[in-house]
2 protein chains.
Amino acid sequence: MRMSNGPPQVKNTAFCSTSSLLDEMKLLGEVHASSAPKKALNSELWHACAGPLVSLPQPGSLVYYFPQGHSEQVSASTRRSANPEIPYYPNLPSQLLCQVHNVTLHADKETDEIYAQMTLQPVNSEADVFRVPDFGHTKSKQPTEFFCKNLTASDTSTHGGFSVPRRAAEKLFPQLDYLAQPPNQELIVRDLHDNVWTFRHIYRGQPKRHLLTTGWSLFVGAKRLKAGDSVLFIRDDKSQLLLGVRRSNRQQTSSPSSVLSADSMHIGVLAAAAHAAANRSPFTVYYNPRWQCPSEFVIPLAKYHKAAYTQVSIGMRLGMMFETEESNKRRYMGTITGISDFDAQRWQNSKWRKLQVEWDEAGYDERPERVSSWEIETPESLFVFSPLRTYTKVQKLGSVGRSIDVTRFRNYDELKSSIACMFGLEGRLDDPRRSEWKLVYIDYENDVLLVGDDPWE
Amino acid sequence: MRMSNGPPQVKNTAFCSTSSLLDEMKLLGEVHASSAPKKALNSELWHACAGPLVSLPQPGSLVYYFPQGHSEQVSASTRRSANPEIPYYPNLPSQLLCQVHNVTLHADKETDEIYAQMTLQPVNSEADVFRVPDFGHTKSKQPTEFFCKNLTASDTSTHGGFSVPRRAAEKLFPQLDYLAQPPNQELIVRDLHDNVWTFRHIYRGQPKRHLLTTGWSLFVGAKRLKAGDSVLFIRDDKSQLLLGVRRSNRQQTSSPSSVLSADSMHIGVLAAAAHAAANRSPFTVYYNPRWQCPSEFVIPLAKYHKAAYTQVSIGMRLGMMFETEESNKRRYMGTITGISDFDAQRWQNSKWRKLQVEWDEAGYDERPERVSSWEIETPESLFVFSPLRTYTKVQKLGSVGRSIDVTRFRNYDELKSSIACMFGLEGRLDDPRRSEWKLVYIDYENDVLLVGDDPWE
DNA sequence: TTGTCGGCCGCCGGCCGACAA
DNA sequence: TTGTCGGCCGGCGGCCGACAA
């Protein structure tokens, strides 16, 4: 990583930009356009719409910002890759250490497409960190009271209503009075924009099933849902029903902007970051998790450091999580076939998409040919002691595991021997035949390491 | 105006960027996204939708590009004015002499909102001009076979069809067979995207009137038209019917971009222009004529020079054209109350919006407090020999006038005496009582000066 | 000349169980 | 368990002239 030196008056500018930052924070509580005050979007619902793989950095935390990744998002939006003739910004490193100042959740009024706005402030090192007050922003994980259904032709046709999967209705909806003839109730549900939708929920037919009838077609029409799109329901902490929409990839419109040319947008990304880097002043980015190239370009430091613990080499096997069409996680396996600069011309020695991968399953459904080291799991990064296919279960381990602070360790060996000591497993961690402790898993988002045996077996 | 000096190897870079420009031109014939080949939009229809006040520069011509104006368009789109903390580009002058390389017409697939894409190449002076081949692009004026109607509640309700103003039906639609009972026909009409719409045109009712019935509601639904929006019909050179849409100002949605922050967009505008200026390389801008701040930021040289001929001073009367709610031109009168830098901090000595104006009619309907000298008409710039209120008629004079090349003259006096000489009017042009030649009018778009008497009186 | 309304008719939106995947 | 279909009923989409601005 290239480090750019801050100007001599770093302290001063940092102070200036901090006060303007606070102004900005006040503004953020208010409106984007000048209309009625806007409530913050429901975080659980936002994350449910975002899918299981999307996580956002915590306000106050440190991240690396990758201009290349940001530029890729612009390319995906404009459907034009960056013009090679746009100017160079020699003072802009390929990764920029930043403190996250705030993260706000948004959704497009028209399409319900979710995105996040982040304000990042470049810092020289962790020592520079200005502690921002905690605005009560808590990490929101994928809700457990959740279901997501891919809409069928029947669900979206004008001919009928919505067929509710049985488990979903029983887990999420208020209990029906099954003695009534027929059993039915009125559901009151809110979407991301806090619009209220009411649906008639009825249990009828031969055989019996749960259906949403009256009110459903209004919703389909308003959101312009098509077969293949998904709807999801969650119950929030006040056990209010909420619903969201995920459009199929095919449905992604994202018409080219009529505001700014693709070139100017790419230049804007780079110039804004370069200016912020030079002055240590905050800058604002939007992150659209559900677009074609879903690589995050704001990487939490802990997640980034994971990659530093791991040695990768050509021929090494790797796993990587993707979202399935049914909105679940699924790990795809592959082999590292090359390690090189993704863009040797413009971003020499950048860590962005440095690894070339050949995927075991060459589905027409596109997986990237190039990935970054922090996106993948390697045998070492996962401390493999058991077959890879069981890992998804481990990620549900949570409470039965034990945790230690990963950041205390300077390298993999220190970490490993400390784990072994902690659990009385000296010498046994490296031996795949001793399987009392089958699984070890790092939860990078929470900076903790979980150890436990497989509770499912 | 500040002039920035080109680098020593100007010739070289100019050559390089020219060849890339030709590549770009080839690309422009193809698609924006990678789908089926796209036909060029109908220019007459585009201009009809744009309204009577919008004109675009000719490919190959010289213009001044104003970064401030471009930035204002971004502000209008994001509804956020430029952050004062965005970086300075000391090498970017407030106006940039450019050659227009191409102009392509576009319309948003979703909203039919029109916009134009222009590629501009900065040049040092007129001598630098690289003559681009003429792609047969001809200037398209407001079509004469044209009508535009503001939609009423009845027009857009689901209850009925569209009431066609009588003159419009008789001038534009194919003649009905008035012997039929009732007289009716099927109209086949295309929109900007070349979609075909068919309407039943019927002449019925008591008293008789022209109506569009079957097919109309589909169109209203698809375009999401509301009362207050306008539709317009034109007949092209092959006497095909075309129709377009103009949304009411109230209806302008333009939700904030989820791609780039407003700051990054503003920076992108400035950095792209600065880079293009430094390298004399082409850059691309989008111009959205129908947005809130409709000031053009790409000004034809002839129009710009007009302002140089004219002296403005505080207290001077001025006229300026605006579009009325009925999509007609209307001149509003005002008084110059100040002449000063619009943004003395960032754009010192810029000519952009240098004039402060107090308008005679302080309608709630917003007219700008500040304008640029080339946007206005002053008594001198119009060579006033007759009351202002007749000028709109003169602009229809066209063929009965005579023309001379305005650009030959270095100042107003030279121009005036040459006109006088040309028409044998020495000494009489300045005398308001000698009225054989009542009116003199400059058609800035065509670089010609028209002289004639008022054919309407 | 043309905007809005009441009247009226027929199509399709929408609720139902049958049936099969 | 749930996707699709045929049946069937009623509300509203949509065509009409009356009437008035």
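The figures here come from the full heavy-atom set of this structure, side chains too, leaving out hydrogens, waters and symmetry mates. Sequence lines set the chain letters: A, B, ... in the order given, protein chains first and strands last, and positions in each chain run from 1. No experiment lies behind these values; they were computed from the predicted model shown.
The side-chain hydrogen bond (donor to acceptor under 3.5 Å, both in side chains) pairs that include a residue from residues 206-222 of chain A are A:H201-A:H210, where partners are two or more places apart or lie in different chains.
A heavy-atom distance below 4.0 Å to DNA chain C is reached by none of the residues of residues 166-174 of chain A.
Remark: DNA chain C forms stems of 3 or more consecutive Watson-Crick or G-U wobble pairs, all pair distances under 3.5 Å, at C:1-21 with D:1-21.
The ring of B:F219 has its center closer than 6.0 angstrom to the ring center of B:F199.
Remark: side-chain polar atoms of A:R367 are paired, donor with acceptor, to backbone N or O of A:E361 under 3.5 angstrom. No donor-acceptor distance shorter than 3.5 angstrom exists from the side chain of B:E186 to the backbone of B:T198, with no hydrogens or angles considered. For B:K149 (side chain) and B:S163 (main-chain N/O), a donor-acceptor pair under 3.5 Å exists by modelled atom type.
The CZ-P distance, from B:F162 to D:dC15, rounds to 14 Å in whole Å. Atom CG of B:L218 and atom C1' of D:dC15 are 15 Å apart (whole Å).
For A:A222, the side-chain contact (heavy atoms from CB on, under 4.5 Å) partners two or more places apart in sequence, or in a different chain, are A:W197. By the side-chain contact (heavy atoms from CB on, under 4.5 Å) test, B:D236 pairs with B:N42, B:E44, B:K238, B:Q240, B:L242, sequence neighbours left out.
A:S217 comes within contact range of the sugar-phosphate backbone alone, with a heavy-atom separation under 4.0 Å but no base atom that close.
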In the 5'-to-3' direction, what one-character label does each nucleotide of nucleotides 16-21 of chain C receive under the scheme B = base within less than 4.0 Å of a protein heavy atom, S = sugar-phosphate only, - = no such atom? BBBBB-
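Side chains of B:F173 and B:L241 form a contact here, defined as non-hydrogen atoms less than 4.5 Å apart.
Salt bridge absent: A:R246 and A:D229 never bring a charged side-chain N and a carboxylate O closer than 4.0 Å.
Taking the six-membered ring for Trp and thresholds of 30 and 60 degrees, A:W359 and A:F322 have ring planes more than 60 degrees apart, a perpendicular arrangement.
Comparing B:D155 and A:G215 by the nucleotide of DNA chain C whose heavy atom lies nearest to each, the residue mapping closer to the 5' end is B:D155.
Side chain of A:S163, nearest nucleotide from C:dG3, D:dG3, C:dT4: D:dG3.
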